[in-house]
Amino acid sequence: MPATEITVTSAGKVAGQELLVPTGQEGEHYAHIQDWLTAQLKAKKTVRDISQKVLVKGIKQWAVYEGKAGGKTQRWAFKIT
């Protein structure tokens, strides 16, 4: 399933899950989310799937990953089509 990286901002919590709102900016397109994940693992970056802990407004299928980047926590959100 193709995946497109999207930029999101946090809009608080809903039903115990964090609500993320897309800003409209889209990033790279991947043939499958596994392509991005494999590149992260090859670069020895540790990421974890937090898709079950967040909701993305207006998107039916998504994947969200979290990892450390330069001492800060970074999130990557993908729209799956």
Side-chain angles (χ1 to χ4, degrees):
M1 296 175 109
T4 304
E5 188 173 0
I6 58 174
T7 304
V8 293
T9 57
S10 179
K13 292 210 176 236
V14 174
Q17 295 180 319
E18 185 173 3
L19 178 64
L20 302 176
V21 179
T23 62
Q25 299 176 3
E26 291 188 357
E28 292 194 42
H29 181 78
Y30 298 94
H32 195 278
I33 191 68
Q34 192 67 33
D35 297 340
W36 177 84
L37 191 56
T38 300
Q40 298 300 308
L41 294 175
K42 282 184 180 179
K44 301 202 187 269
K45 294 182 180 178
T46 303
V47 294
R48 63 186 179 119
D49 186 0
I50 61 166
S51 300
Q52 300 298 319
K53 297 179 182 179
V54 299
L55 297 171
V56 181
K57 183 178 180 183
I59 297 177
K60 293 180 182 177
Q61 286 187 305
W62 65 85
V64 181
Y65 291 89
E66 184 176 73
K68 296 278 184 180
K72 294 193 292 185
T73 300
Q74 184 175 4
R75 287 187 178 165
W76 297 272
F78 297 90
K79 174 175 65 173
I80 300 174
T81 53

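Model, not experiment: these values are computed from the prediction. These numbers come from the heavy atoms of this one structure, side chains and all, not from hydrogens, waters or symmetry mates.
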If you round to the nearest 0.5 Å, how far is [atom2] of [Y] from [atom1] of [X]?
X: Leu20; Y: Arg75; atom1: CG; atom2: CZ; answer: 6.0 Å
X: Lys68; Y: Lys45; atom1: NZ; atom2: NZ; answer: 14.5 Å
X: Gln61; Y: Met1; atom1: CD; atom2: CE; answer: 4.0 Å

- [ ] Might you point out which heavy atoms bring Ser51 and Ala63 nearest each other, and give the distance in Å?
- [x] OG-CA, 3.2 Å
Task: Taking every non-hydrogen atom, the tightest pair across Gln17 and Gln52 - done: NE2-O, 2.7 Å
TODO: Report yes or no: do Ile59 and Val64 belong to one cluster of Ile/Leu/Val/Met/Phe/Trp/Tyr joined by side chain heavy-atom distances under 4.5 Å?
DONE: yes
Task: Ile50-Leu19 co-clustered via ILVMFWY side chain contacts under 4.5 Å - done: yes
Could you pull out every donor-acceptor pair under 3.5 Å between side chains of residues 2-15 and any protein atom, sequence neighbours left out?
residue : atom : partner : partner atom : Å
Thr4    : OG1  : His29   : ND1          : 3.0
Ser10   : OG   : Glu18   : OE2          : 2.6

Sequence neighbours excluded and cut-off under 3.5 Å, please list the side-chain donor-acceptor pairs for residues 30-44, or say none.
residue : atom : partner : partner atom : Å
His32   : ND1  : Gln34   : N            : 3.0
Asp35   : OD2  : His32   : N            : 3.4
Thr38   : OG1  : Gln34   : O            : 2.8

- [ ] Kindly indicate whether the side chain of Leu55, heavy atoms from C-beta on, has any atom under 4.5 Å from the side chain of Lys57.
- [x] no
